[in-house]
Amino acid sequence: MISKTYSPQEIEDKWYSYWIENRYFNSKPNPDKEPYTIVIPPPNVTGVLHMGHMLNNTIQDILTRKARMEGKEACWVAGTDHASIATEAKVVAMLREKGINKSDLTREEFLEYCWEWTHKYGGIILQQLRKLGASCDWDRTRFTMEPSLYDAVIDVFVDLYNKGDIYRGHRMVNWDPQARTTVSDEEVLMKEVMQKLVYIRYAIEGEEGQYVTIATVRPETIMADVAICVNPTDERYQHLVGKKALIPLINRAIPIIADEYVEVEFGTGCLKVTPAHDQNDYELGKKHNLPTIDLLNEDGTLNEKAQILVGEDRFIARKKIIKLLEEAGNIEKVEEYKSNVGHSERTNAVIEPRLSEQWFLKMKRISQPAFENVMNDTVQLLPPKFKNTYRHWMENVRDWNISRQLWWGHRIPAFYLKDGTVIVARNKREALRKAQHELLLFALTEADLEQDPDVLDTWFSSWLWPISVFDGINNPDNEEINYYYPTNDLVTAPEILFFWVARMIIAGYEYRNTYPFKNVYLTGIVRDKQGRKMSKSLGNSPDPLDLIAQYGADGVRTGMLFSSPAGNDLLYDEKLVEQGRNFCNKVWNAFRLVKGWTVSEEAQNPASQLATQWFESKLNQTLAEVHDLFDKFRMSDALNAVYKLIWDDFCSQYLEMIKPEYEQPIDPATYEATLDFFDRLMRLTHPFMPFITEEIWQNIRERGQNDSICVAEYPQPGAIDTTLINQFEILSEVVSAIRNLRNTKGLSPKVELPLAIRTETPDLYQSLEGLLRKLANVAAIEYVSEQAEGMSFLVRSDEFFINLAGEIDVEAERENLLKELEYTEGFLASVQKKLSNERFVQNAKGDVVEKERQKQADAEAKIATIKEALVRLG
RNA sequence: GGGUUCUUAGCUCAGCUGGUUCAGAGCACCUGCCUUACAAGCAGGGGGUCGGGGGUUCGAAUCCCUCAGGACCCA
């Protein structure tokens with residue numbers, strides 16, 4: 001006996017192992033087949049599966065499984081990236097718990113710990129994906145730090161440097177003066193603090209008694225000022241632009257300049273420009289060609305460039321300088337001021353914006369093809385609204401800062417000589433050779449070369465991902481890259497459209513001369529019911545593995561997909577997953593029903609025959625729809641169409657039509673047709689729900705050794721008999737009306753009802769009689785030309801009567817008819833209004849007008865029927 | 001501040017390039033059913049001025065403008 005509810009656990013493990021053993025997911029280049037390739041967006045090696053991954057990977061799996069069933073050489077490449085910042089932060093935290101400081105370790109020792117960590121936790125997320133049913137070719141699992149991918153990154157750096165696209169420049173970083181290191185944006189916590197906004201007077205050079213006032217919360221940095229800036233539209237200061245102001249206490253003259261960056265309303269409308277100690281000032285300084293004066297040491301004390309208060313800590317200096325300014329008469333006033341100040345997550349020290357030397361990639365040239373080929377849809381973004389965002393970013397693209405002050409990652413292959421000369425080469429040996437040959441420094445040894453301590457941005461390795469997983473950088477003409485590249489689809493989140501997607505397209509054109517993927521499907525962000533992004537730190541995300549244990553992988557997959565149109569966020573609700581599980585259960589019970597039948601020798605009755613013909617058409621209709629939806633990447637809608645086909649058409653309609661009486665056998669023709677339908681339905685559903693469909697498919701019929709639904713043919717649409725489908729729609733309306741009548745009259749479904757039909761087309765109903773009897777439990781069916789006795793209802797313009805003595809509620813029926821009449825007359829009026837409008841008849845397309853005429857005729861016929869019925873009621 | 005985008009039933013969303021009285025689906029809700037595949041179910045049912053205003057058109061949820069409110073990205 002098969003269980004009443006579907007229990008996923010053992011079934012899922014059983015079939016996943018079976019798939020792996022039979023290597024259905026493994027792929028190798030096969031010239032006889034069309035390749036279908038997806039590369040996974042590599043999750044962080046230290047990460048665990050979250051809801052976003054679930055959605056993302058479900059979609060990838062659906063696409064991959066469908067392609068595989070369609071006979072393509074499907075290849076889904078799995079892997080992880082090394083996530084410099086996140087991993088290093090985790091390792092540092094782990095070391096701290098052990099009482100070890102990163103600064104106490106050598107680079108090599110630290111990297112040992114990183115690798116240890118990676119080996120320990122690195123596989124977890126990929127293991128979790130197996131639970132979801134992901135059909136990746138696991139033998140191809142790649143990691144951005146493994147040797148071949150590492151070399152690819154280094155090669156690309158060297159290549160771009162040699163092309164003149166990579167240069168060194170300055171950039172503001174977050175400096176933690178206590179830890180004496182940079183920290184990433186993610187590691188800076190903004191805290192609201194009360195500060196003193198100090199209004200300081202700067203005398204105008206050569207104009208006795210004249211001054212400008214600036215407002216600042218950082219008076220200790222005035223010695224690093226290089227200009228005073230005002231808004232060009234600000235009338236108050238027009239006359240000062242071009243003159244010079246004197247920094248108080250040190251009397252250095254600085255120019256007064258104009259730039260619309262300055263807000264007229266803020267403070268005094270005069271801004272002190274201090275490029276070394278503020279990001280915005282830095283930009284401003286660059287724009288106006290101003291010098292940069294850095295007056296802070298690594299530990300946050302003032303250096304000799306400050307001229308005064310040298311050696312004092314920045315906060316002590318702040319207090320002292322206010323006093324000095326007061327004594328010198330330069331303070332106008334001091335206000336309390338609330339603002340957000342960055343603090344180090346690690347040490348809680350106030351973060352100091354600090355200039356440092358970084359590596360940059362020039363984006364202008366290299367990004368051109370990537371820009372054009374998205375705009376002309378060679379690479380398609382889905383949904384297309386992201387093209388606008390993409391264009392905006394590409395048009396304003398800025399050079400890419402590719403260096404990070406970290407150890408875990410691809411170490412920048414730049415080597416410095418004692419005098420600061422930079423040599424970029426793949427390794428120290430090549431750098432040395434280069435120095436010897438090109439700089440003619442023959443006495444040089446490797447010991448004279450010092451490698452840049454920084455590593456490359458993680459994205460600088462993942463932008464090569466679609467190429468490097470096939471070794472296409474180091475070995476650009478190998479069989480794999482030639483076969484699998486360009487890949488077909490990329491499924492990812494819109495938040496990384498620029499960080500990752502755009503850069504992959506750039507790298508694709510630069511290194512393969514073509515796009516890395518044809519379609520980019522951008523999923524939404526999974527949010528909780530309150531609209532907050534699901535995250536571990538908020539604790540508002542369910543554990544995906546718990547969910548799978550509770551609802552089954554198939555249930556979770558369908559639940560995730562139910563409400564996730566491309567690019568729109570989805571508000572996660574456990575109800576969705578529940579619905580997915582219920583669907584599994586529905587399918588399971590349909591299977592139980594069919595499995596429980598015994599087969600007789602008898603011939604097929606006409607009703608069952610008609611039912612199978614109808615479902616064949618209905619199935620084909622939905623197949624065509626699903627194929628079309630897949631072409632448009634509307635997977636959620638495709639799932640919905642499948643869901644309705646199975647639940648409404650197959651279970652509620654078809655199975656009820658052909659179901660034999662309790663413990664009666666079924667005829668062989670209907671039975672075979674039903675098994676065939678079930679087989680096709682399972683294949684249709686397999687990409688969405690791989691496990692339950694395999695279990696059922698394996699049990700519907702005898703299967704061969706090593707057979708699997710994974711590699712069975714995806715069903716293709718056949719002929720559709722639309723006339724038959726329309727007839728069945730009418731049938732279903734009649735059945736609904738009769739059931740509704742039973743409901744309102746409190747009649748049991750078991751009571752047989754007599755039915756009279758008044759219609760112009762009796763043969764339509766004659767062919768449906770058998771099904772009508774079965775679905776609505778009617779006994780005798782007679783055709784009448786006049787009004788008959790009993791309760792009546794209308795379907796289209798035919799009238800139906802059910803004669804139940806004493807059950808007629810004349811008033812209620814009249815009310816219903818009047819309501820129907822009012823509606824139909826209103827409808828007719830609107831149609832007539834259109835048709836009597838000459839401009840409509842002239843301007844609208846012929847078939848639209850024809851449709852309106854047909855509507856008019858239908859409505860008129862219906863109104864006549866209703867009126868007759870009303871007359872009968874008296 | 002610059003850009004993108006959204007607002008349709010109580011909730012989450014469909015509604016593609018204007019054309020059935022077009023206002024839809026799922027969930028939730030209400031009524032009646034433990035009818036031997038399924039109560040994780042069956043059969044029925046109610047519910048919305050398509051954010052406000054204006055315009056284009058024979059015709060607007062759909063196209064344009066504007067206002068209000070939300071979301072995201074960049075600085």
Side-chain angles (χ1 to χ4, degrees), chain A residues 2-6 260-261 263 279-280 283 383-393 395-396 398 494-495 497-499 524-525 527 529 531 533 551 555 562-565 567-573 575-576 578-597 628 632 634 636-637 640-641 643-644 647 651-652 655-656 659 661-663 735-750 775-777 823-831 833-845 847-849 851-852 854-856 858-859:
Chain A
I2 314 169
S3 145
K4 259 177 99 163
T5 48
Y6 170 62
E260 55 267 337
Y261 165 75
E263 281 179 50
Q279 174 68 46
N280 295 316
E283 300 292 334
K385 66 176 179 187
F386 285 108
K387 261 173 87 171
N388 282 335
T389 322
Y390 185 87
R391 183 204 296 123
H392 186 252
W393 190 73
E395 279 174 349
N396 300 292
R398 294 160 48 147
E495 340 166 76
L497 185 58
F498 311 126
F499 287 140
I525 298 165
R527 300 176 177 280
K529 274 192 252 184
K533 188 171 165 179
Y551 295 100
F562 266 133
S563 168
S564 71
N568 281 356
D569 290 358
L570 85 123
L571 295 207
Y572 175 78
D573 186 338
K575 283 273 179 227
L576 291 169
E578 207 176 299
Q579 197 186 342
R581 178 205 51 188
N582 294 354
F583 183 44
C584 290
N585 207 42
K586 186 70 185 178
V587 174
W588 183 250
N589 275 292
F591 169 64
R592 280 180 66 215
L593 173 69
V594 173
K595 221 34 210 175
W597 286 337
D628 180 54
K632 295 173 178 153
R634 305 181 67 113
S636 183
D637 293 337
N640 240 296
Y643 181 86
K644 278 188 180 153
W647 201 306
C651 293
S652 299
L655 288 179
E656 293 300 330
K659 186 159 97 176
E661 296 292 311
Y662 182 56
E663 294 203 321
V735 170
S736 279
I738 296 173
R739 284 174 177 168
N740 188 13
L741 215 120
R742 280 183 196 278
N743 239 322
T744 51
K745 299 290 170 204
L747 294 171
S748 156
K750 284 173 185 160
L775 297 178
N777 196 20
Y823 175 88
T824 315
E825 281 178 335
F827 176 71
L828 180 64
S830 85
V831 173
K833 193 174 146 204
K834 271 189 209 174
L835 286 170
S836 62
N837 184 333
E838 273 175 42
R839 291 207 272 175
F840 169 71
V841 181
Q842 276 168 11
N843 296 336
K845 279 187 220 151
D847 57 327
V848 172
V849 177
K851 264 191 202 164
E852 292 299 313
Q854 186 58 48
K855 279 192 276 180
Q856 182 181 24
D858 289 348

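All heavy atoms count here, side chains included; hydrogens, waters and symmetry mates do not. Since we're looking at a predicted model, the values are computed, not measured. Numbered from 1 within each chain, the chains take letters A, B, ... in sequence-line order.
Across G45(B) and C27(B), the matching P atoms stand 15 Å from one another, rounded to whole Å. Nucleotides C34(B) and G70(B) have their C1' atoms positioned 47 Å apart, rounded to a whole Å. Across G10(B) and G47(B), the matching P atoms stand 12 Å from one another, rounded to whole Å. If you take atom C1' in A14(B) and the same atom in G53(B), they sit 27 Å apart, rounded to whole Å. Taking atom P in both U8(B) and G48(B), one finds a spacing of 15 Å when rounded to whole Å. Rounded to whole Å, the C1' atom of C65(B) lies 24 Å from the corresponding atom of G19(B). The same atom, C1', is picked in G32(B) and in C16(B); the two are 40 Å apart, to the nearest Å. For G3(B) and U56(B), the P atoms lie 28 Å apart once the distance is rounded to whole Å.
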>> Reading 5' to 3' and counting Watson-Crick or G-U wobble pairs with both distances under 3.5 Å, write the dot-bracket notation for RNA chain B, | for bases paired outside the strand.
In response: (((((((..((((.....[....)))).(((((.......))))).....(((((..]....)))))))))))).

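Ring planes of Y643(A) and F583(A): tilted class, angle from 30 to 60°.
In this structure, E395(A) atom CD and C74(B) atom P are separated by 17 Å, rounded to whole Å. For E663(A) and U36(B), the CD to P distance is 12 Å, given to the nearest whole Å. Atom CD in E578(A) sits roughly 15 Å away from atom C1' in U12(B) (whole-Å rounding). Remark: P of U35(B) and NZ of K750(A) are 7 Å apart, rounded to the nearest angstrom. In this structure, the CZ atom of R592(A) is 12 Å from the C1' atom of G41(B), given to the nearest Å. W597(A) places its CH2 atom 14 Å from the P atom of C38(B), with the value rounded to the nearest Å. Rounded to whole Å, the distance from CG on D637(A) to C1' on A14(B) is 7 Å. At whole-Å resolution of the value, CZ in R581(A) and C1' in A39(B) are 12 Å apart.
For a distance-only test at 3.5 Å, the side chain of K4(A) fails to qualify as a donor-acceptor partner of the base of C38(B).
Not counting sequence neighbours, the partners of T824(A) by the side-chain contact (heavy atoms from CB on, under 4.5 Å) test are E820(A), A859(A), K862(A), I863(A), I866(A). Remark: K4(A) pairs with no residue by the side-chain hydrogen bond (donor to acceptor under 3.5 Å, both in side chains) rule, at least two apart or across chains. Looking at residues two or more places apart in sequence or on another chain, you find no side-chain hydrogen bond (donor to acceptor under 3.5 Å, both in side chains) involving N740(A). Under the salt bridge (Lys or Arg N to Asp or Glu O under 4.0 Å) criterion, K659(A) pairs with E656(A), not counting sequence neighbours. Scanning for side-chain hydrogen bond (donor to acceptor under 3.5 Å, both in side chains) contacts around N589(A) gives R592(A), with sequence neighbours left out. Applying the salt bridge (Lys or Arg N to Asp or Glu O under 4.0 Å) rule to R634(A) yields the partners D637(A); only residues at least two apart in sequence or on another chain are considered. Under the rule for a salt bridge (Lys or Arg N to Asp or Glu O under 4.0 Å), K644(A) has no partner lying at least two apart in sequence or in another chain. Taking A590(A) as the reference, C651(A), L655(A), F678(A) meet the side-chain contact (heavy atoms from CB on, under 4.5 Å) condition, with sequence neighbours excluded. For Y6(A), the ring-ring contact (aromatic ring centres under 6.0 Å, His included) partners at least two apart in sequence or on another chain are W588(A).
Classified by its glycosidic torsion, U35(B) falls in the anti category, the angle being over 90° from 0.
Within the 4.0 angstrom heavy-atom criterion, base atoms lie near C651(A). When heavy atoms are screened at a 4.0 angstrom cut-off, R398(A) is found touching the sugar-phosphate backbone but no base atom. Nucleic acid contact for W647(A): sugar-phosphate only, since backbone atoms but no base atoms lie under 4.0 Å from a heavy atom of the residue. Here E656(A) lies in heavy-atom contact (under 4.0 Å) with a base. In this structure, K659(A) reaches the bases: a heavy-atom distance under 4.0 Å links it to at least one base atom across the strands shown.
Of all heavy-atom pairs between I738(A) and A776(A), the closest is CD1-CB, 3.8 Å. A pairwise comparison of heavy atoms in N585(A) and T5(A) identifies OD1-CA, 3.2 Å as the closest pair.
At least one side-chain nitrogen or oxygen of R634(A) sits closer than 4.0 Å to the OP1 or OP2 atom of G15(B). Distances shown here put every side-chain N or O of N585(A) at or beyond 4.0 Å from the OP1 or OP2 atom of G41(B).
When distances are taken from the side chain of N582(A) to each of U21(B), U5(B), G41(B), the shortest belongs to G41(B).
Projected onto RNA chain B by closest heavy-atom contact, K632(A) and T5(A) fall at different nucleotides, the more 5' of which corresponds to K632(A). Residues F591(A) and F499(A) both approach RNA chain B. Their nearest nucleotides, taken by heavy-atom distance, put F591(A) toward the 5′ side.
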Contact list (N/O, under 3.5 angstrom) for nucleotides 24-27 of chain B vs protein:
{"residue": "G26(B)", "atom": "O2'", "partner": "Q579(A)", "partner atom": "OE1", "Å": "2.9"}
{"residue": "G26(B)", "atom": "O2'", "partner": "Q579(A)", "partner atom": "NE2", "Å": "3.0"}

Output a table of nitrogen or oxygen pairs between the protein and nucleotides 43-46 of chain B separated by less than 3.5 Å.
{"residue": "A43(B)", "atom": "N3", "partner": "N743(A)", "partner atom": "ND2", "Å": "3.4"}
{"residue": "G44(B)", "atom": "OP1", "partner": "S736(A)", "partner atom": "OG", "Å": "3.1"}
{"residue": "G44(B)", "atom": "O4'", "partner": "N743(A)", "partner atom": "ND2", "Å": "3.4"}
{"residue": "G44(B)", "atom": "O2'", "partner": "N740(A)", "partner atom": "OD1", "Å": "3.0"}

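Atom CD of E661(A) is surrounded by 12 or fewer heavy atoms from other residues, nucleotides or ligands within 6.0 Å.
The line from CZ of R398(A) to CH2 of W393(A) is 10.5 Å long, rounded to the nearest 0.5 Å.
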